[in-house]
Protein chains: 2
Amino acid sequence: MEKILFLLGLIRTAGNMYGYRINELIDSHFGVIVSITRPTAYRLLEKMAQDGWISFREEQIGGRPPRKIYSITQEGERAFQRVLRESLQSYSPSEYSSPVDMAFLSALPCEEALPLLNARRDRLRGLLQALDESRMHEVGFELVFEHQRRRFETELVFTEEVIGMLASKKAGQ
Amino acid sequence: MEKILFLLGLIRTAGNMYGYRINELIDSHFGVIVSITRPTAYRLLEKMAQDGWISFREEQIGGRPPRKIYSITQEGERAFQRVLRESLQSYSPSEYSSPVDMAFLSALPCEEALPLLNARRDRLRGLLQALDESRMHEVGFELVFEHQRRRFETELVFTEEVIGMLASKKAGQ
DNA sequence: GGAGACATGTAAAGGGTTACATGATTTG
DNA sequence: CAAATCATGTAACCCTTTACATGTCTCC
């Protein structure tokens, strides 16, 4: 439902949206907040069109496959409202699965665990930077980017704490 | 891989583990940190057994289906080490998809958005409480529970901030 | 003797990913 | 003229969930 909400909301909010462009946007800006691959995006668009949530007109440019430019229908708008409400009030279970790997840190010697966690920390720093770079202030996604920044920061702080614990444990021995 | 890591780690760490009991544990304690449904757990156990990562002896009690009591094999231990390292050093993309719904808050009037967000806040409080209740300090899962607590708290704080913003906006009008 | 816990699963259907397929247009 | 970009998709496979299936044992 999350991916559908994103796609539907995007089409609803911005005009002139077609598959290829949506996928470009995801690659360049929104990949840090939603994960939708190209075939999935196409398939969901197709499905929503079948279900009558969105309609499209074709825009032919030269001899390539025509762009399918989508817009939301009345029924789609109803669906959007429904899904949005549902999503806002709940906090769905699939999202809150925590990286369980920390439970088994003790299975590794400190000398091995530390570089691995350092790699994770670096990755998180990279994600934070990528987030700042692709932040779009214009369209109304500010809240989501801010939300994601908080999340990454929480992850980063926690990872750094664990690294600190391991390091002091190592030093103590 | 996360579910496999959890199951494998559980079998590795604790003894006397069989499908039904693992599912019970997930329901009662670990449901707040991993989401694995019953059939999935059974299927993964079966698959890992087929792949030679775990082996089992059967314990017959009366005439019911015998318990399959699993233990980790050498090959399973190697797999565990591999998956654990892989997991610790990366921060996998599927996990960091952010609830995108906040982007479309403006599609709702404040009077409607506020109760929905209040419901989310309550749900998060419930999750935090459930987390504290099922926290197991014994087995080595402390870090994961702490990790998850941080996450939920971040979510809660953010949600409360958004509620505050909406409320003041509503009052300002 | 019936309800609920114990213990295993299977079947069908949905959802997503990876890799593959196709062809036109622009740019260097 | 080759490489990258534009624009669409399909096919095969894997994973997960929901719902169904089966039978035993224990406790009231």
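Letters go in sequence order (proteins before strands), and every chain restarts at 1.
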Which nucleotide span of DNA chain D, 5' end to 3' end, has atoms closer than 4.0 Å to non-hydrogen atoms of chain B?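 Answer, 5' to 3': D:dT16 to D:dC25.
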Quick one, which residues of residues 42-52 of chain B touch DNA chain C with a heavy atom under 4.0 Å?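 Result for residues 42-52 of chain B: B:Y42, sorted by number.
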Going by heavy atoms closer than 4.0 Å, what residues in residues 15-27 of chain B are next to DNA chain C?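 Here the set is B:Y18, B:G19, B:Y20, B:E24.
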Partners meeting side chain to side chain contact (heavy atoms under 4.5 Å, CB included) with [X] (sequence neighbours left out):
| X | value |
| --- | --- |
| B:N118 | B:R121, B:I163 |
| A:S71 | A:S55 |
| A:F56 | A:A49, A:E58, A:K68, A:Y70 |
| A:E77 | A:R12, A:I72, A:F80, A:Q81 |

Would you mind listing every ring pair (Phe, Tyr, Trp, His ring centres under 6.0 Å) that reaches into residues 153-173 of chain B, with sequence neighbours excluded?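 Residue pairs passing ring pair (Phe, Tyr, Trp, His ring centres under 6.0 Å), neighbours aside: A:H147-B:F158.
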Once salt bridge (charged side-chain N to carboxylate O under 4.0 Å, His left out) is applied, what residue pairs with a partner in residues 36-53 of chain A remain, sequence neighbours excluded?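 Sorted pair list: A:K47-A:D51.
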Is the shortest distance from a Lys or Arg side-chain nitrogen in B:E161 or A:R150 to a carboxylate oxygen in the other one below 4.0 Å?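 A:R150 and B:E161: salt-bridged.
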So, using salt bridge (charged side-chain N to carboxylate O under 4.0 Å, His left out) as the criterion, who are the partners of A:R149 when residues are at least two apart?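 Applying salt bridge (charged side-chain N to carboxylate O under 4.0 Å, His left out) to A:R149 gives A:E146, A:E153.
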Can you list the residues that meet the salt bridge (charged side-chain N to carboxylate O under 4.0 Å, His left out) rule with B:R57, with sequence neighbours excluded?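 B:R57: salt bridge (charged side-chain N to carboxylate O under 4.0 Å, His left out) contacts with B:E59.
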Its contact letters, B for base, S for sugar-phosphate only and - for none at protein heavy atoms under 4.0 Å, make nucleotides 21-28 of chain C read ---SS---
